[in-house]
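Read through the structure below, which is laid out as C-alpha cells, and then see the notes.
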Amino acid sequence: QVQLVESGGGLVQAGGSLRLSCAASGRTFSTSNMGWFRQAPEKEREFVAGIDWSGGYTVYVESVKGRFTISRDNAKNTVYLQLNSLKPEDTAVYYCAVARNGVSRYSAGYAYWGQGTQVTVSS
C-alpha cells in the first residue's frame, strides 16, 4: 500500500509559478513510475506529466511542454511538479499517482492516488 500527499497548490496570477510536491509513503517509491494529472471543474481528469523510477525519462502533455517540469527525489520519497508561466486554463485540482507498470497517459494505468491540491490561476 502506498499513500500520497500533495501540497504546494494555491492562488497565483497568470504568468506566475508554483511548485507542487507529492510525498509518498512506502518502501517501493524509488522503483515506482509516477504521474501528475489534473481535473478542472466539469472536465475529465487529464494527464499532465510522468516520470520513470530513475528520473531519466519524462513525458508531458503538449499544452504544458516548456512550462512545467516533473522531477523526483528518491531519497525524500517525493515527486515534484514545477509550474511556470501559469495560465488561467491551468486552473484545476492536481493529483499525483503511482503507475501500475510503465508511465502511462491514462488514469487507468495508475494504482494509487493522492487527495489532490488546488491550483487557481487568476487572469
Side-chain angles (χ1 to χ4, degrees):
Q1 190 77 8
V2 177
Q3 290 186 326
L4 304 171
V5 180
E6 300 98 334
S7 61
L11 173 63
V12 64
Q13 289 187 333
S17 298
L18 286 172
R19 188 194 197 199
L20 307 184
S21 299
C22 172
S25 66
R27 293 175 292 177
T28 62
F29 176 81
S30 63
T31 59
S32 297
N33 300 310
M34 303 291 295
W36 282 97
F37 286 73
R38 65 185 179 186
Q39 188 166 18
E42 300 182 0
K43 291 190 176 181
E44 292 188 357
R45 190 167 296 189
E46 173 191 34
F47 173 80
V48 177
I51 188 167
D52 76 344
W53 66 272
S54 71
Y57 171 77
T58 59
V59 61
Y60 300 89
V61 67
E62 189 66 30
S63 61
V64 308
K65 283 183 180 178
R67 300 190 298 122
F68 292 7
T69 303
I70 188 171
S71 62
R72 65 190 298 160
D73 185 338
N74 286 344
K76 295 183 178 180
N77 277 15
T78 302
V79 61
Y80 304 98
L81 188 65
Q82 179 69 41
L83 287 60
N84 296 331
S85 303
L86 281 160
K87 304 176 181 180
E89 52 263 44
D90 295 318
T91 295
V93 177
Y94 284 71
Y95 300 89
C96 68
V98 178
R100 297 182 188 277
N101 294 294
V103 175
S104 172
R105 293 176 179 265
Y106 303 97
S107 58
Y110 293 80
Y112 301 100
W113 295 81
Q115 84 291 346
T117 186
Q118 176 71 47
V119 172
T120 303
V121 184
S122 62
S123 58

Looking only at non-hydrogen atoms, find the nearest pair between [X] and [Y] and report the distance.
| X | Y | answer |
| --- | --- | --- |
| Ala24 | Val2 | CB-CG1, 4.5 Å |
| Ala99 | Gly102 | CB-O, 3.5 Å |
| Lys43 | Gln39 | O-NE2, 3.1 Å |
| Gly50 | Val103 | CA-CG1, 3.8 Å |
| Thr78 | Ala23 | OG1-CA, 4.1 Å |

Reported [atom1]-to-[atom2] distance for the pair [X] and [Y], which is rounded to 0.5 angstrom:
| X | Y | atom1 | atom2 | result |
| --- | --- | --- | --- | --- |
| Ser21 | Leu81 | OG | CG | 9.5 Å |
| Arg38 | Cys96 | CZ | SG | 15.5 Å |
| Glu89 | Ser63 | CD | OG | 8.5 Å |
| Asp73 | Ser30 | CG | OG | 11.5 Å |

Can you check ring-ring contact (aromatic ring centres under 6.0 Å, His included) on Trp113 and Phe37, steps first, answer last? CA-CA 10 Å; Trp113 295 81; Phe37 286 73; 5.0 Å; yes

Residues, nucleotides or ligands: over 12 heavy atoms within 6.0 Å of Gln115 CD: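 Check passes, neighbour count above 12.
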
Check whether more than 12 heavy atoms from other residues, nucleotides or ligands sit under 6.0 Å from atom CH2 of Trp53, and answer yes or no.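 Incorrect, the count does not exceed 12.
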
Would a 4.5 Å heavy-atom cut-off, applied to side chains only, mark [X] and [Y] as touching?
| X | Y | value |
| --- | --- | --- |
| Gln118 | Tyr94 | no |
| Ser107 | Glu46 | no |
| Val119 | Thr91 | no |

According to a 4.5 Å side-chain heavy-atom criterion applied to Ile, Leu, Val, Met, Phe, Trp and Tyr, with indirect links allowed, do Phe29 and Val5 form part of one hydrophobic cluster?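 Shared cluster, no.
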
Hydrophobic cluster membership, Tyr80 vs Leu86, 4.5 Å side-chain cutoff: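 No, Tyr80 does not connect to Leu86 through the hydrophobic network.
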
Is the NZ or CZ atom of Arg100 both under 6.0 Å from the centre of the six-membered ring of Tyr110 and within 45° of that ring's axis?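 Negative - Arg100 is either too far from the ring of Tyr110 or too far off its axis.
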
Donor-acceptor pair, distance only, cut-off 3.5 Å: does the side chain of Glu6 make one with the backbone of Gly116?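 Yes: the side chain of Glu6 pairs with the backbone of Gly116.
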
Asp52 side chain vs Thr58 backbone, donor-acceptor pair below 3.5 Å: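 It does not hold such a pair.
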
Exercise: do Asn84 and Ser17 side chains pair donor with acceptor under 3.5 Å: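 Side-chain D/A pair, Asn84 to Ser17: present.
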
